[in-house]
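All values below come from the heavy atoms of this structure, side chains included, with hydrogens, waters and symmetry mates left out.
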Amino acid sequence: MTSLSAAIAEDSVLLREGLTSILTAGGMTVVAAFDNAEELLAAVRDLKPSIAILDIRLPPTHTDEGMRAALDLRAHQPEVAVLVLSQYVEVGLAMQLLSDSTNGVGYLLKDRISDIQDFLRAVRQVAAGGSAIDPTIVSTLLSRRRTDDVLTRLTPREHEVLQLMASGTSNQGIADAMVITLRAAEKYVSSVFEKLGIASSRHDSRRVLAVLRYLRS
Amino acid sequence: MLWAVTVTGIGMGAAALVLALASEQLDRPALRAFLVGWIVVPYIVSGAIAWWRRPDSALGPLMLATGFAMGLTPLQWSVDPWLHSIGQLLDMLPAAMFLHVFLAFPTGRLTRTADRILVVACYGIALGLQLVKTLVGADPSSRFVTAANPGLAGVVEGVQLSLVATLLLAGTWLLYRRGRATGRSARHPAALVADSFGLALVMLAVLYVAGLASWPATDTVRLVAFAALGLAPLAFLFALLSARLARGAVAGLLIELRADPSKDLRGPLARALRDPALEVTYWLPQFTRWADENGRPVAAPQPDERRAVRILDRDGAPMAALTFERALEDEPELVDAVAAAATIALENARLRAELNARLQELQGSRVRVLEVGRLERQQLERNLHDGAQQRLVALSLELGLLHESAATDPKLRARLGQAKSEVSTSLSELRDVARGIYPAVLTGHGLEVALESLAARATVPVRLEVNLRSRPPENVEVAAYYVVSEALTNIDKHAAATSAAVTVTHRGARVVIDVDDDGCGRVDPAKGSGLRGLIDRVQALAGEVTIEAAQPAGTRVHAEIPCS
């Protein structure tokens, strides 16, 4: 298999270098690493890496430069996967990222990087066209009271599956995480969809959006 | 003193009666005595009342003096030669005094040069020529005859009576002209009555001419002239005291000024003073000059022949000036009362203006304090983000790498994992702190994204609808964000609601926020400092917040914030 190539935009030197070394150690090639979005966009156009990893807050204003660059990439170079890193995760931003195109999108808290193997798995998942949504978002959405009691009708195992699905985990990933067979995982997934009354989708990323939309409605 | 004067005066009337009855030379003595009393008593009584009620006015004493002068003339009927001579000498004095009183009404003073000349001339003729006439033997029984010359005496008497009659007519003409010039009739109905008694002067003049020409109707003319002269003081008194009635207008003035304090002051004041030409000028201390009600600079108000000036002051510093018809000076109580009302109104207006200025200043500083606070919090959040949070993330990453490389030492690996999760917890807590300090997502991504996160964190499902044409200024966004945040917090804590709806729209240049829930509707902004705080925040931006029960259940928090 060809090694994945990545481009990074992160203004903290420590993190930029940390990311580079983690990705390199994980067998990927870091083709570009900048502290701003402008140069990253230019580099992505030229080098066409498999994935672009961006901090949301980038110079010059440290507000939404990284986010705008990510949306720009989704719109104009959908073949390049995008992983957005941030100090905070916002449901609204996740929806924005996902609604543009559900293929190859990730949105994680920065401190997820320190769980190195999980982080590398997420990068590969996104680069392969899947998605990775920070579990914080899912747990926030799941934590509130609901008028309907559909969620209470889910079994604890189904609940676990729902959370994994909403984070962008594939059926195989769910099977691995829950230490069950792929078939068992698939049965859980279709059971959850049935109970929630949403159309099942074979596409991992699309079902993330469906589940998130369901949870926030 | 007044009583003594009055009693003396009335005694003089009685004495005149006695003298007339005792006289042998008078025909119809009772009628003559009655006519004298008819004049003396009203002048004495009216003069005394005027003096008592208006101690400052010279009119009272003048009327008293006229009454006394009139009261002395019956001495000429005395059988005693000396008293008769003195009475005879004073015979014409009342004529001059009548002219004096009529021209001096209503102030009791002669302010115009023409009046003064006329009155002085009349006194001179009435007393001077009377003396000359007596000296040359106009009245042979007088003790003062020194060189009897009946022919000359007749000529002098003719000249004297003609001149007095002329002066009286001139005085009447002056009164008539003045009445027209000041338009007093429109101002003061009582003054019209008083002025009409100027006719009495005409009658007196006619009386003298008639006496001179020895008309047969002299007695009838005398009757009419005296009747008019005797009624005049009552009219004067009425006119003088009617100022008391006019003061009733001040109550109306106060009510009018109170009903609409912002209204122009001049109109009500002009009505209360019955002077349509009243001018109000304002002193502007900051420019040290006078101005009209529109702020246009005008000359300092100066009194002149026809207009008087009253300065309204506060603690000795001028505030405004009233320029009014000089005739109003004889109603000092009215002018005082109107001036007092105007002073109160001006003082109120000044206080109101000062209060408004302070309020605006306060409003401005409230906005500045809030804005400074907002910017400080924003900076603090940035410092946290770029500092502590960034370092902790780097530390967490370092621990993660160490954790990886310690695969051979399970004990170390476990401890490193523990440390990493500690840092992770710290980061999570720090994120909450940072979010509490400032909603940074707002700056970067706008109200909709920020509210989306708020809605996601609420414990009840929230239907969110944000419909903004463009991004409002950030301070407005922050205020709107806190309105929704506090309202949702409140719903979580108190409302026992099952769902909520948030809508944010533009209405004109205002951002309108509504947060509805279906809970139990018990919201008291006085209790929660959060709701109170958000009301303050919105009001500081000149917006408003209302919290009310919604139909059929629940509570609606409604806020409107202008985007200026």
Side-chain angles (χ1 to χ4, degrees), chain A residues 10-19 21-22 25-26 55-59 61-68 71 85-97 109-120 136-148 212 215-217, chain B residues 381-382 384-386 389-405 416-417 419-421 423-428 430-432 434-435 439-464 466 492 497-499 518:
Chain A
E10 163 63 63
D11 62 324
S12 153
V13 184
L14 278 175
L15 275 187
R16 193 164 66 238
E17 287 174 356
L19 270 173
S21 64
I22 289 169
D55 185 359
I56 278 193
R57 283 179 167 187
L58 285 172
T61 68
H62 294 275
T63 53
D64 67 337
E65 277 85 352
M67 186 68 191
R68 275 191 280 122
L71 292 175
L85 297 177
S86 176
Q87 293 279 17
Y88 49 82
V89 288
E90 303 288 344
V91 175
L93 291 185
M95 307 303 286
Q96 240 179 33
L97 274 171
L109 274 177
K110 274 186 177 178
D111 39 332
R112 303 289 172 215
I113 307 168
S114 57
D115 293 323
I116 289 155
Q117 293 313 318
D118 289 348
F119 178 69
L120 284 173
T136 322
I137 288 176
V138 186
S139 57
T140 304
L141 288 173
L142 281 173
S143 67
R144 68 185 189 196
R145 266 178 288 157
R146 302 188 60 91
T147 40
D148 50 54
L212 287 183
L215 289 179
R216 75 181 263 278
S217 67
Chain B
E381 192 278 340
R382 268 195 191 152
L384 263 183
H385 180 271
D386 299 340
Q389 281 177 303
Q390 203 81 282
R391 282 169 203 284
L392 280 174
V393 168
L395 174 62
S396 167
L397 180 58
E398 188 63 31
L399 288 171
L401 288 169
L402 286 172
H403 183 261
E404 286 290 300
S405 58
L416 284 169
K420 191 158 64 74
S421 96
V423 174
S424 200
T425 309
S426 305
L427 267 170
S428 168
L430 204 53
R431 255 197 304 278
D432 289 342
R435 192 196 295 280
V441 62
L442 198 59
T443 317
H445 313 283
L447 203 50
E448 185 162 10
V449 171
L451 292 183
E452 184 81 59
S453 296
L454 272 184
R457 280 197 296 277
T459 54
V460 296
V462 177
R463 193 167 48 77
L464 177 68
V466 180
D492 289 349
T498 54
S499 72
D518 60 355

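A distance of 6.0 Å separates CD1 in Ile116(A) from CG in Leu397(B), rounded to the nearest 0.5 Å. Distance check, rounded to the nearest 0.5 Å: CG of Leu392(B) to NZ of Lys110(A) gives 12.0 Å. In this structure, OG on Ser396(B) lies 8.0 Å from CD1 on Ile113(A), to the nearest 0.5 angstrom. Interatomic distance, CD of Gln390(B) versus CD of Glu10(A), reported as 5.5 Å (0.5 Å rounding). With rounding to the nearest 0.5 Å, the separation of NE2 in His445(B) from CZ in Arg68(A) is 9.5 Å.
Heavy-atom pairs under 4.5 Å with chain A peak, among Asp386(B), Leu401(B), Leu399(B), at Leu401(B). If you tally non-hydrogen atom pairs under 4.5 Å between each of Gly444(B), Ser424(B), Ala450(B) and chain A, the highest count goes to Gly444(B). Counting heavy-atom pairs closer than 4.5 Å to chain A, the top-ranked of the candidates His403(B), Glu398(B), Arg431(B) is Arg431(B). The residue among Gln87(A), Met67(A), Glu65(A), Gln117(A) with the most heavy atom pairs within less than 4.5 Å of chain B is Gln87(A).
Interface residue Glu404(B): only side-chain heavy atoms are found under 4.5 Å from chain A. At a 4.5 Å heavy-atom cutoff, Leu451(B) makes no contact with chain A through either its backbone or its side chain. Looking at Arg57(A), the atoms closer than 4.5 Å to chain B (heavy atoms on both sides) all sit in the side chain, from C-beta outward. Proximity to chain A is absent for every atom of Arg391(B), based on heavy atoms less than 4.5 angstrom apart. The contact between Leu427(B) and chain A is made entirely by side chain atoms (from C-beta outward), counting heavy-atom distances below 4.5 Å. Contacts between Ile137(A) and chain B at a heavy-atom distance below 4.5 Å are absent for every atom of the residue. With a threshold of 4.5 angstrom between heavy atoms, Ser86(A) does not approach chain B through any atom at all.
Side-chain contact, His62(A) with Arg382(B): no donor N or O sits under 3.5 Å from an acceptor N or O.
Closest of all the heavy-atom pairs between Val449(B) and Glu90(A) is CG1-CB, 4.4 Å. Here the shortest heavy-atom pairing between Ala456(B) and Leu141(A) reads CB-CD2, 3.8 Å.
Salt bridge absent: Asp111(A) and Lys420(B) never bring a charged side-chain N and a carboxylate O closer than 4.0 Å.
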Please assess Glu448(B) against Gln96(A) for the test side-chain contact (heavy atoms from CB on, under 4.5 Å), listing each intermediate value before the final yes or no. CA-CA 11 Å; Glu448(B) 185 162 10; Gln96(A) 240 179 33; over 6 Å; no

